[in-house]
Amino acid sequence: MNGDTAVRRLDLGYFVRPAEEAGEAYPRVEAVLGYLVRRDEGLLLFDTGIGDAGPETEAHYRPRRRPLEEALAAAGVAVGDIALVVNCHLHFDHIGGNPLLAGRPVLVQAQELAAARRGGYTAEQLVDFPGAVYEELTGEAEIWPGVLVVPTPGHTDGHQSLVVRQGDGTVVLAGQARDAASHFAADQLARRAGLDGVEQPLPPYPSWLDRICALDPRRVLFAHDGSVWEPAGGSGVVG
C-alpha cells in the first residue's frame, strides 16, 4: 500500500434531472463530481465532467459546467499534470473533459467502449477525439499497487468503479454504480439481512456488491451525490 495516496473530490458542475426521469414530483438537481487520486506513480483523474451532447440534451438536462481546468487549478494541479484517466462509463456527463487529456491513457471496460462506438449511446466526439488513447480492460484489474478497477455493471453493462487503498482504509469511487449514497446503503442492508438469514422476501442487491464488500470499504463516494457512505460502527460521529 502506498502511504502517500490522497483522494480529492472535484466539483465539475451539475445538471437538472426532469421529474419524470427522477421519479419524483419535482426535478432533481444532481452534482457532477470527479476525483483526483494522488500517488507516487502520478496523478489519476476519475471522470472529467459534463460534455456537450447537443441542443436537445442541453435543453433536457440544463447543465451548468465547471471547466475541468478550473476544478483542477483549485486542487493545485494543471491538465498537463494528469498521468492517467479512468472513466466509470462513457456517458456525456462523465467524459466531457477527456478531449483536453489527449495522449493520456483512458482506462475503460472493453464492452463499454464498444457500446459507445456503436452510436446512439453518448456524444461520439467525446469518445474518439484526436489523440484519444484507450486501454481496454476486461474485468477487474490492479492498475497501480493498491489501486483497482472493479466492474460494477448496472447503470451500464460496462460500468466500473475505482478502489483505492489508503492508510486509513479503503476508498471506493463508485461513479454511478448507484445514484446516491442512500441507495448504496439500502443495498448494503439488504445484503446484510440476507447474510443474517432473514427470511424472504428481501430486496435484491447487485452481484458486484459482494466483491466491493470483500475489499472492506471505509468510504464510498459517488459521481452524482456529495454524500459519503461509511459503514455502521465506523469512526464517524453522529450528533
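Just the heavy atoms: all of them, side chains too, but no hydrogens, waters or symmetry mates, feed the values below. The first residue of the sequence shown is numbered 1, and numbering continues consecutively from there.
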Carboxylate-amine/guanidinium contact Asp216 Arg218, below 4.0 Å: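 So Asp216 pairs with Arg218 through a salt bridge.
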Quick one: [atom1] on [X] to [atom2] on [Y], what's the gap to the nearest 0.5 Å?
X	Y	atom1	atom2	answer
Asp47	Leu36	CG	CG	12.5 Å
Thr156	His91	OG1	NE2	6.0 Å
Phe46	Gln160	CZ	CD	7.0 Å
Arg38	Asp81	CZ	CG	8.0 Å
Asp93	Thr122	CG	OG1	8.0 Å

Test ring pair (Phe, Tyr, Trp, His ring centres under 6.0 Å) applied to His183 - qualifying residues, sequence neighbours left out: none
Ring pair (Phe, Tyr, Trp, His ring centres under 6.0 Å) involving His94 - partner list, sequence neighbours excluded: His89, His224
Parallel, tilted or perpendicular: ring planes of Phe92 versus Tyr61, cut at 30 and 60 degrees: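 Ring orientation, 0 to 90° scale: tilted.
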Hydrophobic cluster of Leu195, others only, ordered by chain and residue number, side-chain cut-off 4.5 Å: none
Under 4.5 Å side-chain linkage, directly or through intermediates, the cluster mates of Val163: Leu148, Val150, Val172, Phe184, Tyr205, Trp208, Leu209, Ile212, Leu215, Val220, Phe222, Trp229
Sequence-distant partners of Asp128, salt bridge (Lys or Arg N to Asp or Glu O under 4.0 Å), two or more places apart: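 Per chain and number, Asp128 pairs via salt bridge (Lys or Arg N to Asp or Glu O under 4.0 Å) with Arg117.
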Qualifying side chain to side chain donor-acceptor pair (under 3.5 Å) pairs with a residue from residues 133-142, counting only residues at least two apart or across chains: Glu140-Arg211
Pro99 backbone acceptor or donor facing Gln125 side chain under 3.5 Å: no
